[in-house]
Structure formats: C-alpha cells, structure tokens
Amino acid sequence: MSGASAPAPVPATVYRLHRAHAIRLFGLRMLLAAALVVVAAIVLGISDGSGALRVVGYVLAALVVVAVLGAVLVLARPPVVVRLDAAGYRVRRVPDCGVQAAPWAAVADVTTGADELGRTMEVELTDGGHTTVPLVLVAKDARRLLLEVRERLDAAHGYRPLS
C-alpha cells in the first residue's frame, strides 16, 4: 500500500438553459395553452351536452393543464443543456448538435467557434464526429463550462498542471 490516496471522483455537473431562454420557452408554452383554451371553449360551446365533442373539449382542457404545468416547471427548473461527468459528456435539447454524447477518451479537441447564434463550443471526436453547443444557451455559465470541459478532458487523458 502506498501513502498516496486516489483522488476523489468529481461529481457530475449540469449546465441548465439560461433563464432568459427559459422565459421564452415559458411564453411559448403559455401561448399554446391559451390557444388550447380557446379551442376547448369553442368545442364545449358547440357540443350538445353529451357525445364525442364534449369528450374532445375535456381532453383539450386537460391538455391546457398539462401545458401550463410544463411551462411553470420550465421556469422553476430550466432544462439541462449539457451534463458532464467522469465518463464523458451529454448534450440535451440542442437540435442538430451532432454527436449528443461521448466518453472523454473519444474527444480529440475542444475549441470555440461561431455560428448564427454566436459563440459555440466545438467538440471534435477521434472518429471524425463533432458536437456543437451554442454557448448562448448557457450564457453566464459559458466560461465555466469551457473550463470544466478542458479540466475533465485533461484529467481523463492523465494530464496534470505544470505548477
């Protein structure tokens, strides 16, 4: 047995959708709920008190409740955009990001780039695949995300700081 102990595993970190984008998502869901309320009111108004139209109206009303609860949940706890752990990374809710998840051993390089949304984090994989994450989605946490990705990548490849 040696006197040195193994380093403690670093817990997983999640980077959530920035509050401004969560508010936009909340607004879109509330607009959907409002449209469903109007349609449900029309359907219930033209129903004769029983039958299929009444059931459709109640189903639409139930969908309104689900849409409102989903909208409130997005505000209370914005969705995860990037999850980092000891094994690798996972990108969620980013359409057309490329590879959504990969182990650190498969990552060749991490750089920043730009697209129509602004700055991006570009993850190049050893097999030629890539992942692109618009940093505007995590806004104020973008710098911390980039630093943590580099630290986790260095740790996975056994690199240590020179100091």
Side-chain angles (χ1 to χ4, degrees), residues 1-2 4-37 59-60 62-163:
M1 278 207 223
S2 68
S5 63
V10 179
T13 307
V14 294
Y15 291 87
R16 296 186 178 279
L17 188 65
H18 186 261
R19 181 70 62 190
H21 297 293
I23 290 170
R24 285 188 194 114
L25 192 53
F26 171 81
L28 287 173
R29 290 185 178 189
M30 292 305 288
L31 285 173
L32 173 66
L36 286 174
V37 164
V59 167
L60 289 172
L63 287 175
V64 167
V65 171
V66 170
V68 169
L69 289 175
V72 170
L73 185 61
V74 163
L75 266 188
R77 190 169 174 98
V80 173
V81 176
V82 178
R83 182 181 194 278
L84 307 175
D85 60 25
Y89 71 90
R90 175 172 298 281
V91 177
R92 299 179 184 166
R93 299 182 181 264
V94 180
D96 302 326
C97 71
V99 178
Q100 290 185 324
W104 294 119
V107 176
D109 194 16
V110 178
T111 59
T112 57
D115 66 5
E116 63 275 359
L117 296 175
R119 285 185 55 209
T120 59
M121 177 179 71
E122 307 284 337
V123 180
E124 296 175 34
L125 303 175
T126 55
D127 65 0
H130 73 281
T131 304
T132 302
V133 179
L135 294 174
V136 69
L137 296 178
V138 294
K140 65 179 172 61
D141 291 331
R143 180 172 162 72
R144 191 168 55 97
L145 170 63
L146 289 168
L147 287 172
E148 184 174 354
V149 166
R150 290 186 192 279
E151 287 172 1
R152 285 184 183 268
L153 184 58
D154 286 349
H157 289 285
Y159 302 150
R160 295 184 319 222
L162 292 175
S163 56

Show which side-chain atoms of residues 86-110 pair as donor or acceptor with protein atoms under 3.5 Å away, not counting sequence neighbours.
residue: Y89; atom: OH; partner: T131; partner atom: OG1; Å: 2.6
residue: W104; atom: NE1; partner: D85; partner atom: O; Å: 2.7

Mind checking side-chain contact (heavy atoms from CB on, under 4.5 Å) for [X] and listing every partner two or more places apart, or none if nothing turns up?
X   : value
I23 : R19, L75
R24 : H21
V14 : R16, V80, R83
A67 : A33

Exercise: identify the closest heavy-atom pair between [X] and [Y]:
X    : Y    : answer
P134 : D115 : CG-OD2, 4.4 Å
A71  : M30  : CB-SD, 3.8 Å
T111 : R150 : CA-NH2, 4.2 Å
V136 : H18  : O-CB, 4.3 Å

Go through the steps to decide whether L135 and L146 satisfy the test side chain to side chain contact (heavy atoms under 4.5 Å, CB included), and finish with yes or no.
CA-CA 9 Å; L135 294 174; L146 289 168; 3.9 Å; yes
Do any pairs count as a salt bridge (charged side-chain N to carboxylate O under 4.0 Å, His left out) and have a residue in residues 121-142, sequence neighbours left out, and if so which ones?
D141-R144
Using 0.5 Å steps for rounding, measure from the CG atom of L84 to the CG atom of L145.
6.0 Å
Hey, what do you get for CG (L73) to CZ (R77), rounding to the nearest 0.5 Å?
8.5 Å
